[in-house]
Structure formats: structure tokens, C-alpha cells
Amino acid sequence: MRIGLLTEGGYPYATGEQRLWCDRLVHGLAQHEFDIYALSRSARQEDHGWIQLPPQVQRVRTAPLWAPEDDGRTYGRRERRRFVGHFKELATAVCGEGDGFADGLYGLAELARDSGGLYAALRSELAVRVLESACRAHGARRTVHAATVPDYLAFADQLERALRPLSLDWYGEDGLGAVDLCHAASGGSAALSGLVAKRFFGVPLLVTEYGVQLRAHYLAASDGELTAPVRALLAAFQGRLAAEVYAQASVITPGNTHARRWQEKCGADRAKLRTVYPGMEADRFAAVGEPVGEGADSGDPHTLVWIGRIEPAKDLIALLHAFAEVLKKEPRARLRLFGAPVQGPQAATYLAHCKALAAQLFPDEAADAHAVGTNPVSFEEIGGPEAPELADAYASGGVVVLSSVVEGFPISLVEAMFCGRATVSTDVGAVVEVIGGTGLVVPPRNPRALADACLALLRDPERRERLGAAARARALELFTIEQNLTAFRGIYLELISHSPVQREAVNEDGEPLPFAHPAEAHVPGHWTGGTPSKGRTPRWADGRGLVGAAAVTAQEARA
């Protein structure tokens with residue numbers, strides 16, 4: 001089948017949070033064709049270029065969200081009236097409690113298709129007047145009542161960028177109209193292209209979120225650069241967009257229960273939700289996780305290891321204070337902090353603060369009058385002489401620690417589990433779900449509890465070994481690339497078995513291929529369970545409908 005993979009700030013660019021799992025998905029499902037539709041987030045990301053793409057990627061189309069995209073289109077009187085009507089529906093729903101968000105959104109999409117892009121219209125004085133009227137209308141939220149003209153202009157700028165996919169030329173018989181399935185690698189603007197493809201061509205939409213896009217918008221909007229009215233408007237818009245994406249998606253695949261709870265709170269139907277854990281490479285940690293021989297090295301039994309990005313959310317301050325308590329009771333203990341290369345002034349400042357605190361808490365001490373003083377805490381970089389590879393960092397200690405106060409899916413924790421290491425973690429994000437009883441979990445921002453858990457494992461080598469073995473077995477069962485690919489392979493076949501054929505199958509000479517598609521695909525209407533009543537999800541979309549014979553038929557037809 002032909003998959004339209006929709007990304008924002010990731011694949012196929014060399015940087016971005018979606019890059020790795022999307023690349024593994026495309027390489028692992030080589031029997032399908034992939035068209036990539038990517039939105040870039042910065043000029044720097046585009047300058048880094050693309051990663052090498054496999055032959056099953058048939059087409060790549062990109063568009064920036066960070067730069068102005070004025071197509072030079074201006075609307076006449078009739079188009080302006082259409083724009084005002086649709087934009088007013090959308091703005092009223094964002095500012096108040098109206099239910100016209102979807103009508104306004106799709107109305108703008110149809111206007112962009114018929115009359116050109118929305119860039120000039122969304123940044124016009126007309127749009128500002130509509131926003132002002134919606135913000136001051138009866139029933140509007142109290143926060144947006146205080147908005148001023150600069151707030152309207154700032155929100156209009158953010159809104160135009162978020163709605164930019166509506167103005168792209170991706171929709172047609174040579175674009176998303178020709179794919180069998182749209183797979184959005186995140187919510188938000190990336191999934192917006194899938195909404196339009198479903199609206200115009202009936203292409204089914206699959207949404208995957210390993211980090212909930214709406215939560216990311218909430219965190220980004222709290223940085224203090226935007227005023228309260230603009231933050232309130234952006235939060236309301238993103239919330240409405242997320243609800244529409246979840247309503248229209250045939251299947252939603254959160255990466256963990258933490259993301260699933262967010263989606264349910266935003267209106268996602270539980271029947272559509274199927275947790276698919278991220279797939280990670282286990283082979284790169286095999287040498288550490290599967291030691292050979294009875295005397296195999298299981299790491300320094302007195303060393304605690306921390307691995308991750310140096311940033312305040314990782315709460316290294318609490319970890320250093322916890323280690324001070326550990327050192328009082330276990331003088332031979334050592335803490336090794338392995339970080340990725342520091343990027344940005346904020347991270348550099350935080351690293352300097354942590355080093356200063358470590359120097360204050362742990363002054364260099366010598367064992368006797370003739371020895372050189374050493375510090376029990378070390379700050380190192382992955383790729384340095386003592387840890388040239390990531391696996392070497394995990395192999396250097398007997399216990400791996402995670403001290404975060406904010407965490408989504410804890411990748412470093414899964415890597416430690418692949419290495420067969422016992423872990424001590426704070427109860428944030430999806431940590432408990434990932435650990436599943438194979439490690440110790442303590443409350444965040446509690447150095448005393450963190451110290452007690454570390455001491456418990458440092459003093460009990462047999463318990464460390466048992467927990468490490470159980471953690472590796474759990475990671476190999478749930479978090480490998482193979483389980484991820486198996487899950488998406490089944491979801492793809494299920495969705496396509498219940499969807500109409502979007503294109504005709506032809507041979508090398510351009511002649512139609514008989515029996516290329518199942519006969520059921522040509523039956524009008526919802527042939528799997530009748531036409532659903534308004535507001536009710538059909539059985540094939542909620543995961544309880546036919547999969548067996550229909551899926552086999554579709555799979556054989558595309559073999």
C-alpha cells in the first residue's frame with residue numbers, strides 16, 4: 001500500500017525528535033511505499049539536510065513553518081466574504097464556547113483550495129477585526145477580553161503558521177489524494193494535513209504521538225515571551241485542533257499510558273486508542289546486557305551512573321544532594337554523570353551551576369597524606385575517552401539513576417534495561433509503566449528517598465542482579481524495534497481492509513491489474529457494518545470490527 005507519512009520538525013531531516021522512529025518504520029516496512037510530507041521548524045534544521053532515504057520512499061515534499069510564505073494571492077470581494085464567515089466561526093469557537101471550529105477549519109481549507117493560500121488573509125486587517133470582535137463578544141473567555149491590538153497581531157502570526165498546511169499544494173490526485181493511508185507522526189500541524197486529505201478524498205488517518213503535541217504547546221507557551229491573552233488563545237486553538245484530530249482519526253497510537261491519559265482528557269475515544277511503545281535498538285547494548293562467563297563484568301558495584309541531557313528538568317541538583325547522603329554511609333561510592341554535548345546558554349549555565357554545587361558538596365579528599373585528592377563526582381561527555389560509546393557509559397556502573405521532575409518516555413531508562421542494569425528512578429511521566437516492577441521508584445524532588453533507594457541497591461548485589469535480569473527481559477519483550485514494526489504492520493492492514501481503494505492498480509505497461517483489489521472495496525457505503533448513525537463510531541473504526549478475512553484479502557491483493 002502507499003502511505004503518506006506526515007511529520008513536523010523531524011523525518012526526513014537530520015535533526016528532530018521524530019527522526020529515528022520514522023526512519024526505522026520506513027526501513028522496517030519495506031513492502032509498502034512511503035510518500036513523506038514534512039514541515040520544518042527552523043532554518044537550521046533545513047541547513048542540516050536530510051538523512052539517507054531508502055528506495056521505498058517514493059516522494060518527499062516539504063514546507064517551512066518558521067518563515068513567511070506569502071504566495072502573493074489576494075482575495076476578491078466574494079472570497080473575502082467567504083473568509084470572514086469561516087474565520088469568524090473558528091475564532092468564535094477559540095475565544096468562547098461555540099461549536100463551529102470544525103466548520104470554520106474545513107471552510108478555510110476549501111477556500112484555500114479554490115482561491116489560493118491563506119497567508120495574506122490571515123495576516124490582514126480584516127482578520128484582526130474578526131479576532132477583536134470574537135474576543136469582546138458575550139461569552140468569550142475572561143482572559144481574552146483583555147487582549148489588545150498587539151495581542152491580536154501576535155496571535156494572528158502564530159495562527160497563520162499553525163494553519164499553513166491548509167495553503168499547501170499537497171492535496172490532489174498527485175499528492176495526498178493518491179495515498180491509501182495518512183500516518184501522522186504527531187498531532188498539531190502535521191495531523192492537519194491528514195484532516196484535509198480525509199475531508200477531500202476520504203483517506204483514513206492514523207495518528208501516533210510519543211509525546212503529546214498539545215502538552216508540548218502548553219509547556220512552550222509558558223516561557224514568558226507571550227502575553228496572557230495570546231497564551232490563552234493559542235491554548236484554546238491547540239485544544240480544539242487536538243479534539244478534531246482525535247475525532248477524525250481512525251486509530252490513535254499513544255506511545256505510553258501517560259500520553260494516553262492526555263489524549264483521553266482531550267476527547268479521544270478509548271476505542272480508538274492502542275498503545276504502541278517506541279521501538280529501540282537492543283543490539284547496540286547486547287555486549288553489556290549479555291555478558292559471557294561467571295566472572296563477567298557487571299560494572300563497578302560502588303558506582304551510580306546518570307545519563308541524559310543537561311537541563312533543569314533532569315534535576316541534577318536533587319541527585320547531587322542525594323549522593324551526599326549516600327557518601328556519608330558508603331564512602332567508596334562514586335557518581336558519574338554522562339551528558340550529551342551542551343547546547344545553548346541555558347544548558348551551559350545549568351551545567352556550571354551543577355559543577356559548582358558538586359565542588360562545594362564534595363571537596364577533593366585524599367585517603368592519606370601521600371595520596372592525590374579526588375572527587376567522587378565526575379561530569380563526562382558521551383564519546384569521551386572513558387565512554388566512547390553509549391553502551392560504555394551504562395557498563396561503567398552497577399546502578400543507573402534517573403532523577404527527573406519532568407519526563408515523557410524515559411529513553412535512558414529503557415537503554416539501562418537493555419544493558420541489564422538495576423535502576424532507581426523518580427515517579428514522573430511513563431517511568432512506572434516502563435519499569436513495571438523491575439526497578440526502584442521514588443517521588444520526585446525527594447533527595448532523601450532517592451538516597452535510600454540507591455543505598456538499598458549498592459548494598460545488595462544479588463538484588464541488583466535479579467532486577468537487572470528482569471529489566472532486560474522486560475525491555476526485550478516490549479521496547480524493541482521488532483515489536484513496534486509488528487504493531488504498525490497489523491494496524492496498516494486493518495485500516496486498509498476497511499477503507500475504499502484510493503487509486504487504480506496498473507502493471508508496468510499502465511494496464512489495469514485484474515483482481516488487484518478485494519471486491520468488497522467496491523461496495524458502496526460502509527460495507528463492514530452498515531452506515532453508522534450520526535455521532536456514532538462505526539465498528540470498523542473502533543477496533544472491534546472485521547479484521548480477519550477482510551485483512552487477509554487486502555493483504556493478498558497487495559502482495
Side-chain angles (χ1 to χ4, degrees), residues 4 6 8 37 39 61 63-65 67-96 98-135 137 152-179 182 184 187-203 205 233-234 236-245 247-248:
L6 315 175
E8 179 186 349
Y37 294 83
L39 300 169
R61 302 184 72 172
L65 289 181
E69 283 288 299
D70 189 356
D71 57 5
R73 299 293 184 94
T74 57
Y75 292 162
R77 183 179 301 174
R78 181 177 300 176
E79 287 79 11
R80 286 199 299 271
R81 281 201 300 267
R82 286 181 61 187
F83 171 76
V84 169
H86 300 316
F87 188 59
K88 184 177 181 180
E89 286 184 299
L90 185 143
T92 301
V94 169
C95 295
D99 57 357
F101 180 85
D103 291 337
L105 182 69
Y106 296 125
L108 291 175
E110 292 171 358
L111 176 61
R113 178 188 62 179
D114 299 339
S115 304
L118 299 169
Y119 176 87
L122 287 172
R123 294 175 178 268
S124 65
E125 181 181 354
L126 193 61
V128 172
R129 289 178 179 176
V130 172
L131 282 175
E132 181 179 17
S133 176
C135 288
Y152 304 141
L153 293 173
F155 177 62
D157 174 72
Q158 297 286 334
L159 188 62
E160 186 277 323
R161 295 173 190 271
L163 293 178
R164 190 165 293 174
L166 300 183
S167 302
L168 300 176
D169 59 350
W170 292 355
Y171 317 103
E173 296 298 336
D174 60 341
L176 287 173
V179 303
C182 281
S189 295
L192 187 55
S193 299
L195 290 181
V196 178
K198 181 173 183 179
R199 180 77 171 191
F200 290 165
F201 302 100
V203 179
L205 174 62
L233 289 169
L234 284 174
F237 169 77
Q238 295 295 342
R240 293 278 186 167
L241 179 58
E244 180 63 17
V245 168
Q248 296 300 326

Closest heavy-atom contact between [X] and [Y]?
X      : Y      : answer
Val203 : Lys198 : O-CB, 3.3 Å
Ala63  : Trp170 : CB-CZ2, 3.9 Å
Leu241 : Ser189 : CD2-N, 4.5 Å
Leu176 : Val179 : O-CG2, 3.2 Å
Cys182 : Ala197 : SG-CB, 3.9 Å
Tyr75  : Ala121 : CE1-CB, 3.7 Å

Review point. Should Glu244 and Arg240 count as an ion pair when the cut-off is N to O under 4.0 Å?
Key: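 No salt bridge links Glu244 with Arg240.
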Point to revise | Asp114, CG: over 12 other non-hydrogen atoms inside 6.0 angstrom | key: yes
Review point. Under 6.0 Å from the CZ atom of Arg129, do we count more than 12 heavy atoms belonging to anything else shown?
Key: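 At most 12 heavy atoms, drawn from other residues, nucleotides or ligands, come within 6.0 Å of this atom.
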**Study point:** Steps toward side-chain contact (heavy atoms from CB on, under 4.5 Å) verdict (Phe155, Val94)
**Key:** CA-CA 11 Å; Phe155 177 62; Val94 169; 4.3 Å; yes
Would you call [X] and [Y] a side-chain contact if the rule is heavy atoms closer than 4.5 Å?
X      : Y      : answer
Leu118 : Glu160 : no
Leu39  : Leu168 : yes
Val128 : Leu131 : no

Review point. Does Phe200 have Arg113 sitting over its ring (NZ/CZ under 6.0 Å from centre, angle to axis within 45°)?
Key: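 Judged by the rule, Arg113 and Phe200 form a cation-pi pair.
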Looking at [X] and [Y], would you say the former's side chain and the latter's main chain have a donor-acceptor pair under 3.5 Å?
X      : Y      : value
Thr92  : Lys88  : yes
Arg199 : Glu110 : no
Tyr152 : Ala127 : no

Distance from [X] atom [atom1] to [Y] atom [atom2], nearest 0.5 Å?
X      : Y      : atom1 : atom2 : value
Phe87  : Leu122 : CZ    : CG    : 6.0 Å
Leu111 : Arg82  : CG    : CZ    : 5.0 Å
Leu205 : Leu6   : CG    : CG    : 7.5 Å

Practice item. Report the C-alpha separation of Leu233 and Leu159 in whole Å, then their side-chain angles, then the decisive distance to 0.1 Å, and conclude whether the side-chain contact (heavy atoms from CB on, under 4.5 Å) test is met. Key: CA-CA 10 Å; Leu233 289 169; Leu159 188 62; over 6 Å; no
Exercise for review: Report the C-alpha separation of Leu105 and Leu163 in whole Å, then their side-chain angles, then the decisive distance to 0.1 Å, and conclude whether the side-chain contact (heavy atoms from CB on, under 4.5 Å) test is met.
Suggested key: CA-CA 9 Å; Leu105 182 69; Leu163 293 178; 3.7 Å; yes
Review point. Does the side-chain contact (heavy atoms from CB on, under 4.5 Å) test come out yes or no for Arg123 and Asp157, once each step is laid out?
Key: CA-CA 7 Å; Arg123 294 175 178 268; Asp157 174 72; 2.8 Å; yes
